[in-house]
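Report on the structure given below.
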Amino acid sequence: MLRLSRASKIALIAIVTFILIFMYVPLLVLILNSFNKSNISSWPIAAFSFDWWQFAATYQPIRTALLNSIIVAAGSTLIAAFLGTLVAFALKGFDFFGKGTVNLLVVLPIALPGVVTGVAFSNTYNTFLSPAGFNIGYFGMIVAHATFCIVMVFNNVFARLKRMNPSLQEASADLGAGLWQTFRLVTFPQFRTAFVAGALLAFALSFDEVVVTIFTAPPGVDTLPLWILKEMSRPNQASVVNVVATLVILISLIPVYISQRLSRAQDEVR
Amino acid sequence: MSTQTTNAGSRPISAYLYKRAKLRLFGLIALPMFWIVGVYILSLFLLLITAFWFVDPFTSKVIPGFTLDNFISIFTVPAYLSTSIRTLLIALAVTAVSVLFAVPLGIYMAKIARPWVRNALAVAITLPLWAGYLVKIIAMRLVFTEEGFFNWALAPIGISGPTFSIPLVILTLTYLWFPYMALPVYTAIRQIPPNLFDASSDMGAKGFTTIYRVVLPLIVPAIIAGSVFTFSLSLGDYLVAKFTGGSTQMIGSIIASNINLNPPVAAAFSMVPIAFVLIYLMVARRTGSLERM
């Protein structure tokens with residue numbers, strides 16, 4: 001074992017404590033401020049209330065933005081789930097020239113800075129497609145989000161496929177099942193949880209994304225992060241922004257939590 | 001044998017595909033590759049093409065053509081050049097600070113903490129990754145604003161925090177991307193065989209000597225893998241600079257402010273982070289760290 005003196009152990013504990021404070025105090029300050037009675041953020045908080053939560057619940061722009069976020073996240077997750085699973089099967093089942101490149105291509109949209117991805121799409125839409133008379137509009141946002149969500153589904157499904165026993169599929173084929181029947185009855189049930197877990201992460205990723213969205217959202221359309229961004233550009237932080245931000249934390253954490261549970265449950269079965 | 005033939009006969013498509021692996025591969029890979037290459041890579045390529053075009057000064061319309069002016073401006077306009085260097089330094093600083101925190105955290109989690117503390121810490125480090133990007137920027141602003149939490153908490157001991165400037169940009173970016181460094185470093189330290197520590201202490205090395213001479217060399221690949229994230233995500237960021245940096249500009253700020261006014265300049269500037277990230281990835285690949293990601 002690693003032997004450290006008492007003093008260095010205490011120093012390590014101090015550093016870890018500091019890291020935890022650094023990571024959680026800002027989020028706590030934000031969440032507490034969503035209950036601030038005053039209409040702008042402050043510290044210490046003079047009076048608490050649910051006023052801004054009630055206001056946010058009925059405020060139309062927030063509802064519209066939330067709806068947009070859900071539509072975009074659901075649409076891009078659907079596309080990414082399909083494409084990501086296909087790539088995972090291709091890379092798992094076959095050895096071919098350029099396999100590494102395919103892997104890199106799937107990762108590239110999240111490896112490159114969001115501003116580059118956003119500007120690339122925006123440039124294609126505005127400099128090339130619109131002059132040619134093709135306005136992609138709302139769907140452009142979903143296309144962009146789907147592109148960087150593929151990797152989430154791919155990673156999860158691929159990791160599971162690698163651990164699956166290929167002889168089960170061979171047995172199924174030997175017993176006379178077709179490709180589709182084998183997939184439906186033998187293969188899919190084995191990677192279903194990984195598939196759902198990946199899709200949930202894709203949803204969370206899209207729901208939270210802002211930089212690519214800035215450049216690909218059609219004028220006048222706000223997702224929840226875009227709405228927050230607009231409010232942030234005003235001089236004082238309105239308390240209602242903290243409400244929406246807290247909401248974003250909750251909505252992103254729920255799918256991640258379920259996704260983790262699914263992955264872990266599967267690991268325990270094995 | 002006879003059953004097989006009847007089955008093949010009743011499932012003509014499956015039987016056909018079963019013998020043709022290449023066709024099956026094509027069926028799987030065609031659509032995803034069409035999407036990624038035909039939509040995304042093509043967009044990046046079109047961006048590169050646009051970088052050689054120019055804007056008509058009178059009509060402010062983008063004119064197809066060929067000019068290197070946009071690329072030359074990156075190196076000749078002093079504000080552009082200094083922004084590129086500043087961005088590079090900020091990204092390196094974020095990476096350095098992340099390593100500085102990740103190593104002691106990893107050592108504590110892997111070698112000292114009890115199992116339940118270790119698991120709790122692993123969750124605690126991962127969770128904020130999903131708390132929302134803008135949310136965390138807002139949170140940092142609330143803490144470090146003039147009359148915010150930080151100055152309030154440390155006023156009794158006479159310390160006042162960083163204002164909205166470059167140090168706070170580095171701190172906020174570290175806040176955003178730290179888990180990407182902490183997790184691989186922790187995993188790598190956990191994988192070090194315990195007998196290496198025994199051997200080190202048998203030979204008379206004290207704790208810090210062991211960390212410096214045994215642990216650090218073994219976790220270099222994990223540090224490089226983590227730094228790919230901390231470095232490239234910081235390099236392309238501009239909203240953190242916008243909201244916590246006062247007037248600090250980064251490469252992303254130049255790209256974002258030019259995309260509507262002067263798309264070719266924005267396009268040329270987009271190549272700067274792409275180049276940095278690619279060079280970084282190539283260096284990382286040489287050290288064999290990418291397999292760990």
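Being a predicted model, the structure only gives us computed values, none of them experimental.
- Residue A:Ser41 comes nearest to B:Leu142 through the heavy atom pair CB-CD2, 3.3 Å, listed as atom of the first residue, atom of the second, then distance.
- The minimum heavy-atom distance between B:Leu134 and A:Pro225, with the atom names listed, is CD1-O, 3.1 Å.
- Separation of atoms CG (A:Leu108) and CD1 (B:Ile41) is listed at 5.0 Å; rounding is to 0.5 Å.
- Note that CD1 of A:Ile19 and OG1 of B:Thr174 are 11.5 Å apart. Values are rounded to the nearest 0.5 Å.
- When all heavy atoms of A:Met232 and B:Arg141 are compared, the pair lying nearest together is O-NH2, 3.5 Å.
- Residue B:Ala131 comes nearest to A:Ile249 through the heavy atom pair O-CG1, 3.4 Å, listed as atom of the first residue, atom of the second, then distance.
- Counting non-hydrogen atoms of neighbouring residues, nucleotides and ligands closer than 6.0 angstrom, the CZ atom of B:Phe34 reaches no more than 12 such neighbours.
- Contact of B:Tyr175 with chain A is made through backbone and side chain together, with heavy-atom distances under 4.5 Å.
- Atom CG in B:Leu42 sits 8.5 Å away from atom CZ in A:Phe128 (nearest 0.5 Å).
- Residue contact with chain A, scored on non-hydrogen atoms closer than 4.5 Å, involves the side chain of B:Thr210 exclusively.
- A:Leu83 contributes atom CG, which lies 6.5 Å from atom CH2 of B:Trp35 (distance to the nearest 0.5 angstrom).
- Residue contact with chain B, scored on non-hydrogen atoms closer than 4.5 Å, involves the side chain of A:Phe82 exclusively.
- In plain terms, the two heavy atoms of B:Val277 and A:Ala111 that are nearest each other are CG1-O, 4.3 Å.
- Highest contact tally toward chain A, considering only B:Phe178, B:Phe45, B:Phe26, is held by B:Phe178 [criterion: heavy-atom pairs under 4.5 Å].
- Counting heavy-atom pairs closer than 4.5 Å to chain B, the top-ranked of the candidates A:Thr182, A:Val102, A:Leu91, A:Leu28 is A:Val102.
- Looking at A:Phe148, neither its backbone nor its side chain comes within 4.5 Å of chain B, counting heavy atoms on both sides.
- Atom CD1 of B:Ile112 is separated from atom CG of A:Leu12 by 4.5 Å, given to the nearest 0.5 angstrom.
- For the ring-ring contact (aromatic ring centres under 6.0 Å, His included) test, residues two or more places apart in sequence or in another chain that qualify with A:Phe18 are B:Phe101.
- In terms of heavy-atom pairs under 4.5 angstrom with chain A, the leader among B:Thr50, B:Ile211, B:Val62 is B:Thr50.
- Residue contact with chain B, scored on non-hydrogen atoms closer than 4.5 Å, is absent for A:Glu209.
- Put simply, of A:Val119, A:Ile15, A:Ile251, A:Val87, the one with the most heavy-atom pairs under 4.5 Å next to chain B is A:Val119.
- In terms of non-hydrogen atom pairs under 4.5 Å with chain B, the most contact-rich of A:Ala173, A:Pro109, A:Ser122 is A:Pro109.
- Both the backbone and the side chain of A:Thr147 come within contact range of chain B, with heavy atoms under 4.5 Å apart.
- Between chain A and the residues B:Leu278, B:Ile251, B:Leu235, B:Leu171, the largest count of heavy-atom pairs under 4.5 Å involves B:Leu171.
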Open item on the list: Quick one, B:Tyr40 with A:Thr117, criterion side chain to side chain donor-acceptor pair (under 3.5 Å). Give me CA distance, side-chain angles, the key distance, then yes/no.
Closed with: CA-CA 8 Å; B:Tyr40 185 58; A:Thr117 302; 2.9 Å; yes
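- Counting heavy-atom pairs under 4.5 Å between each of A:Thr85, A:Ile110, A:Leu205, A:Leu229 and chain B puts A:Leu229 at the top.
- Other residues, nucleotides and ligands contribute over 12 non-hydrogen atoms within 6.0 Å of the CG atom of B:Asp202.
- At least one side-chain heavy atom of A:Leu105 sits less than 4.5 Å from a side-chain heavy atom of B:Met33.
- Interface remark: B:Leu31 contributes backbone and side-chain atoms alike to the contact with chain A (heavy atom separation under 4.5 Å).
- Contact count against chain B (heavy-atom pairs under 4.5 Å) is highest for A:Val143 among A:Val143, A:Leu250, A:Ile150, A:Asn126.
- Contacts of B:Met271 with chain A are absent, with no heavy-atom separation under 4.5 Å from either backbone or side chain.
- Between B:Ile274 and A:Leu112 there is a side-chain heavy-atom pair separated by less than 4.5 Å.
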TODO: Show your reasoning for whether side chain to side chain contact (heavy atoms under 4.5 Å, CB included) applies to A:Leu179 and B:Arg24.
DONE: CA-CA 10 Å; A:Leu179 285 177; B:Arg24 271 184 292 153; 4.2 Å; yes
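- Between chain B and the residues A:Ile31, A:Ile79, A:Val248, the largest count of heavy-atom pairs under 4.5 Å involves A:Ile79.
- Side chain of A:Tyr24 to backbone of B:Ala124: a donor-acceptor contact under 3.5 angstrom is found.
- Most heavy-atom pairs under 4.5 Å with chain A: of the set B:Val214, B:Asp237, B:Leu233, B:Leu239, this distinction falls to B:Leu239.
- Contact check for A:Val256 versus B:Leu127: no side-chain heavy atoms found under the 4.5 Å cut-off.
- Checking side-chain atoms of A:Asp208 against main-chain N and O of B:Tyr133 turns up a donor-acceptor pair under 3.5 Å.
- For B:Phe149, the ring-ring contact (aromatic ring centres under 6.0 Å, His included) criterion is met by A:Trp43, B:Trp152, not counting sequence neighbours.
- Of all heavy-atom pairs spanning A:Leu27 and B:Lys136, the tightest one is CD2-CG, 4.2 Å.
- Contacts of B:Ile36 with chain A are made by side-chain atoms alone, with heavy-atom separations under 4.5 Å and no backbone atom involved.
- In this structure the side chain of B:Ile29 reaches within 4.5 angstrom of the side chain of A:Phe96, judged on heavy atoms.
- Annotation: side chain of A:Ser233 is in contact with side chain of B:Phe243 (closest heavy-atom distance under 4.5 Å).
- Within the 4.5 angstrom heavy-atom criterion, atoms from both the backbone and the side chain of A:Phe22 approach chain B.
- Rounding to the nearest 0.5 Å places CD1 of B:Ile137 at 12.0 Å from CG of A:Leu30.
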